[in-house]
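Structure, as C-alpha coordinates:
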Amino acid sequence: MQNAGAHTQRWSGFTLIEVIVTIAIVSILTSVAISGINSGAKTQRELETNAREFASVVREAQNYALTGKQANVAGTNTCSFLVSQISSTQYTLSAIACGTGTAELITTYTLKNGVGLSGTSSITFVLPRGVPSSVGAVIFSKGDNRYYVCVSADGKIEDKSSCP
(Lines give C-alpha, C1' and ligand atoms only; values in the text may rest on other atoms or scores of the structure.)
Protein backbone atom coordinates (compact mmCIF):
# COMPACT_ATOMS: atom_id res chain seq x y z
CA MET A 1 0.00 0.00 0.00
CA GLN A 2 1.29 3.39 -0.93
CA ASN A 3 1.33 6.36 1.31
CA ALA A 4 -1.20 8.96 0.04
CA GLY A 5 0.87 11.91 1.25
CA ALA A 6 4.11 10.66 -0.30
CA HIS A 7 3.00 11.07 -3.88
CA THR A 8 2.11 14.65 -4.88
CA GLN A 9 1.18 15.91 -8.28
CA ARG A 10 2.29 19.25 -9.70
CA TRP A 11 -0.22 21.11 -11.82
CA SER A 12 1.16 23.44 -14.38
CA GLY A 13 -0.93 26.39 -15.58
CA PHE A 14 -1.86 29.96 -14.78
CA THR A 15 -3.43 31.27 -11.66
CA LEU A 16 -6.61 33.30 -11.81
CA ILE A 17 -4.71 36.47 -10.91
CA GLU A 18 -2.24 35.97 -13.78
CA VAL A 19 -5.11 35.55 -16.25
CA ILE A 20 -6.91 38.67 -14.95
CA VAL A 21 -3.73 40.79 -15.14
CA THR A 22 -3.06 39.60 -18.70
CA ILE A 23 -6.63 40.42 -19.80
CA ALA A 24 -6.35 43.86 -18.20
CA ILE A 25 -3.08 44.63 -20.04
CA VAL A 26 -4.50 43.46 -23.37
CA SER A 27 -7.65 45.55 -22.81
CA ILE A 28 -5.65 48.70 -22.08
CA LEU A 29 -3.47 48.23 -25.17
CA THR A 30 -6.54 47.62 -27.34
CA SER A 31 -8.31 50.75 -26.08
CA VAL A 32 -5.20 52.87 -26.77
CA ALA A 33 -4.96 51.50 -30.31
CA ILE A 34 -8.66 52.04 -31.02
CA SER A 35 -8.60 55.61 -29.69
CA GLY A 36 -5.65 56.39 -31.98
CA ILE A 37 -7.52 55.04 -34.99
CA ASN A 38 -10.70 56.94 -34.07
CA SER A 39 -8.75 60.17 -33.58
CA GLY A 40 -7.43 60.05 -37.17
CA ALA A 41 -10.87 59.26 -38.54
CA LYS A 42 -12.40 62.07 -36.50
CA THR A 43 -9.89 64.59 -37.85
CA GLN A 44 -10.61 63.45 -41.40
CA ARG A 45 -14.37 63.85 -40.84
CA GLU A 46 -13.83 67.35 -39.46
CA LEU A 47 -11.79 68.33 -42.52
CA GLU A 48 -14.35 66.87 -44.92
CA THR A 49 -17.25 68.58 -43.13
CA ASN A 50 -15.59 72.01 -43.25
CA ALA A 51 -14.54 71.52 -46.89
CA ARG A 52 -18.06 70.49 -47.90
CA GLU A 53 -19.55 73.54 -46.18
CA PHE A 54 -17.07 75.74 -48.04
CA ALA A 55 -17.81 74.01 -51.36
CA SER A 56 -21.52 74.60 -50.70
CA VAL A 57 -20.92 78.34 -50.21
CA VAL A 58 -18.86 78.46 -53.42
CA ARG A 59 -21.67 76.69 -55.30
CA GLU A 60 -24.14 79.17 -53.80
CA ALA A 61 -22.07 82.07 -55.18
CA GLN A 62 -21.93 80.34 -58.54
CA ASN A 63 -25.71 79.79 -58.54
CA TYR A 64 -26.30 83.46 -57.66
CA ALA A 65 -24.19 84.44 -60.67
CA LEU A 66 -25.92 81.95 -62.98
CA THR A 67 -29.41 83.09 -61.98
CA GLY A 68 -28.52 86.78 -62.10
CA LYS A 69 -29.35 87.42 -58.46
CA GLN A 70 -29.20 91.11 -57.60
CA ALA A 71 -28.03 92.28 -54.18
CA ASN A 72 -28.47 96.01 -54.97
CA VAL A 73 -24.99 96.92 -53.77
CA ALA A 74 -24.53 100.68 -53.30
CA GLY A 75 -27.63 101.39 -55.39
CA THR A 76 -26.26 99.69 -58.50
CA ASN A 77 -26.48 96.27 -60.11
CA THR A 78 -24.48 93.29 -58.98
CA CYS A 79 -21.78 92.12 -61.41
CA SER A 80 -20.27 89.22 -59.49
CA PHE A 81 -20.24 87.19 -56.30
CA LEU A 82 -17.08 86.65 -54.30
CA VAL A 83 -16.05 84.00 -51.79
CA SER A 84 -12.90 85.18 -50.04
CA GLN A 85 -10.69 84.11 -47.18
CA ILE A 86 -10.38 86.77 -44.46
CA SER A 87 -8.28 84.74 -41.99
CA SER A 88 -7.01 81.19 -41.55
CA THR A 89 -10.36 80.25 -40.00
CA GLN A 90 -12.89 82.59 -41.68
CA TYR A 91 -14.24 83.32 -45.15
CA THR A 92 -17.04 85.47 -46.56
CA LEU A 93 -19.62 85.53 -49.32
CA SER A 94 -20.06 89.00 -50.84
CA ALA A 95 -21.81 90.67 -53.78
CA ILE A 96 -19.73 93.02 -55.97
CA ALA A 97 -21.25 96.16 -57.54
CA CYS A 98 -20.84 96.91 -61.25
CA GLY A 99 -18.52 99.81 -62.04
CA THR A 100 -17.46 100.68 -58.50
CA GLY A 101 -16.32 97.24 -57.36
CA THR A 102 -17.90 97.90 -53.99
CA ALA A 103 -18.43 94.70 -52.03
CA GLU A 104 -21.44 94.08 -49.85
CA LEU A 105 -21.02 91.33 -47.30
CA ILE A 106 -23.72 88.68 -47.46
CA THR A 107 -22.40 86.27 -44.80
CA THR A 108 -19.24 85.43 -42.83
CA TYR A 109 -18.43 81.80 -42.11
CA THR A 110 -16.10 80.36 -39.48
CA LEU A 111 -14.38 76.98 -39.72
CA LYS A 112 -15.00 74.57 -36.86
CA ASN A 113 -12.94 72.17 -34.74
CA GLY A 114 -9.53 73.79 -35.26
CA VAL A 115 -9.52 73.38 -39.04
CA GLY A 116 -7.44 75.93 -40.97
CA LEU A 117 -7.84 77.35 -44.48
CA SER A 118 -5.16 78.24 -47.06
CA GLY A 119 -4.53 78.20 -50.80
CA THR A 120 -6.61 80.20 -53.27
CA SER A 121 -7.70 83.24 -51.27
CA SER A 122 -10.72 84.28 -53.35
CA ILE A 123 -13.08 82.90 -55.96
CA THR A 124 -15.26 85.24 -58.02
CA PHE A 125 -18.20 84.26 -60.21
CA VAL A 126 -19.21 86.83 -62.82
CA LEU A 127 -22.79 87.30 -63.97
CA PRO A 128 -24.41 85.95 -66.13
CA ARG A 129 -22.32 82.89 -67.01
CA GLY A 130 -21.16 81.93 -63.52
CA VAL A 131 -17.66 80.89 -64.55
CA PRO A 132 -14.94 81.47 -61.97
CA SER A 133 -12.48 84.30 -62.52
CA SER A 134 -9.80 82.32 -60.67
CA VAL A 135 -9.14 78.62 -60.39
CA GLY A 136 -7.16 76.58 -57.93
CA ALA A 137 -7.34 74.67 -54.72
CA VAL A 138 -8.45 75.72 -51.29
CA ILE A 139 -6.67 73.63 -48.68
CA PHE A 140 -8.24 72.62 -45.39
CA SER A 141 -5.78 71.40 -42.79
CA LYS A 142 -5.61 70.16 -39.25
CA GLY A 143 -2.31 68.84 -37.95
CA ASP A 144 -0.72 66.84 -40.74
CA ASN A 145 -4.04 66.08 -42.46
CA ARG A 146 -5.24 67.88 -45.61
CA TYR A 147 -8.45 68.02 -47.63
CA TYR A 148 -9.15 70.15 -50.72
CA VAL A 149 -11.85 72.05 -52.55
CA CYS A 150 -10.86 72.28 -56.21
CA VAL A 151 -12.31 74.90 -58.58
CA SER A 152 -11.67 74.35 -62.29
CA ALA A 153 -11.87 76.79 -65.21
CA ASP A 154 -15.13 75.24 -66.43
CA GLY A 155 -16.80 75.99 -63.09
CA LYS A 156 -16.62 72.51 -61.63
CA ILE A 157 -16.35 72.54 -57.82
CA GLU A 158 -15.18 69.38 -56.04
CA ASP A 159 -14.18 68.50 -52.51
CA LYS A 160 -11.68 65.64 -52.35
CA SER A 161 -8.43 64.35 -50.89
CA SER A 162 -6.23 65.92 -53.63
CA CYS A 163 -6.41 68.33 -56.56
CA PRO A 164 -4.74 67.81 -59.94
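Being a predicted model, the structure only gives us computed values, none of them experimental.
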Is there a side-chain contact between [X] and [Y], using heavy atoms and a 4.5 Å cut-off?
| X | Y | answer |
| --- | --- | --- |
| Tyr64 | Leu93 | yes |
| Ser94 | Leu105 | yes |
| Val151 | Thr120 | no |
| Val138 | Ile123 | yes |
| Cys79 | Leu127 | no |

Given Thr92 and Ser84, is the side-chain hydrogen bond (donor to acceptor under 3.5 Å, both in side chains) satisfied, shown in steps?
-> CA-CA 5 Å; Thr92 60; Ser84 62; 3.1 Å; yes

Exercise for review: Could you tell me how the ring of Tyr91 sits relative to the ring of Tyr109: parallel (under 30°), tilted (30 to 60°) or perpendicular (over 60°)?
Suggested key: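 Tyr91 and Tyr109: parallel rings.
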
Could you measure the distance from the [atom1] atom of [X] to the [atom2] atom of [Y]? Nearest 0.5 Å is fine.
| X | Y | atom1 | atom2 | value |
| --- | --- | --- | --- | --- |
| Leu47 | Lys42 | CG | NZ | 12.0 Å |
| Glu18 | Ile23 | CD | CD1 | 12.0 Å |
| Ile20 | Phe14 | CD1 | CZ | 14.0 Å |

Counting only N and O atoms by type, is there a donor-acceptor contact under 3.5 Å from the side chain of [X] to the main-chain atoms of [Y]?
| X | Y | answer |
| --- | --- | --- |
| Ser31 | Ile28 | yes |
| Ser122 | Leu82 | no |
| Thr78 | Ala71 | yes |

Does [X] belong to the same Ile/Leu/Val/Met/Phe/Trp/Tyr cluster as [Y], with side-chain heavy atoms less than 4.5 Å apart forming each link?
| X | Y | value |
| --- | --- | --- |
| Ile86 | Phe140 | no |
| Ile17 | Ile25 | yes |
| Val21 | Leu16 | no |
| Val57 | Phe125 | yes |
| Val115 | Val58 | yes |

So which heavy atom on [X] is nearest to which on [Y], and how close?
| X | Y | value |
| --- | --- | --- |
| Gly116 | Leu111 | C-CD1, 3.8 Å |
| Phe81 | Ala95 | CE2-CB, 3.7 Å |
| Tyr148 | Ala137 | CD2-CB, 4.3 Å |
| Ala61 | Val83 | CB-CG2, 3.8 Å |
| Tyr147 | Ser161 | CE1-N, 3.7 Å |
| Lys160 | Cys150 | CE-SG, 3.8 Å |

Quiz item: Applying salt bridge (charged side-chain N to carboxylate O under 4.0 Å, His left out), which residue pairs with at least one partner in residues 50-66 are found, sequence neighbours left out?
Solution: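 Every salt bridge (charged side-chain N to carboxylate O under 4.0 Å, His left out) pair that includes a residue of residues 50-66, provided the two are not neighbours, is Glu48-Arg52, Arg52-Asp159, Glu53-Lys112.
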
- request: For residues 145-156, pull every pair meeting salt bridge (charged side-chain N to carboxylate O under 4.0 Å, His left out), keeping only residues two or more places apart or in separate chains.
  value: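 Checked against salt bridge (charged side-chain N to carboxylate O under 4.0 Å, His left out) - neighbours excluded - the pairs reaching residues 145-156 are Lys156-Glu158.
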
Looking at Leu29, I'd like to know if its CG atom is crowded, meaning that more than 12 non-hydrogen atoms belonging to other residues, nucleotides or ligands lie closer than 6.0 Å.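 Buried by this count: over 12 neighbours within 6.0 Å.
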
Under the rule for side chain to side chain donor-acceptor pair (under 3.5 Å), what residues qualify as partners of Thr110, not counting sequence neighbours?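 Partners of Thr110 by the side chain to side chain donor-acceptor pair (under 3.5 Å) criterion, ordered by chain and then number, come out as Gln90.
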
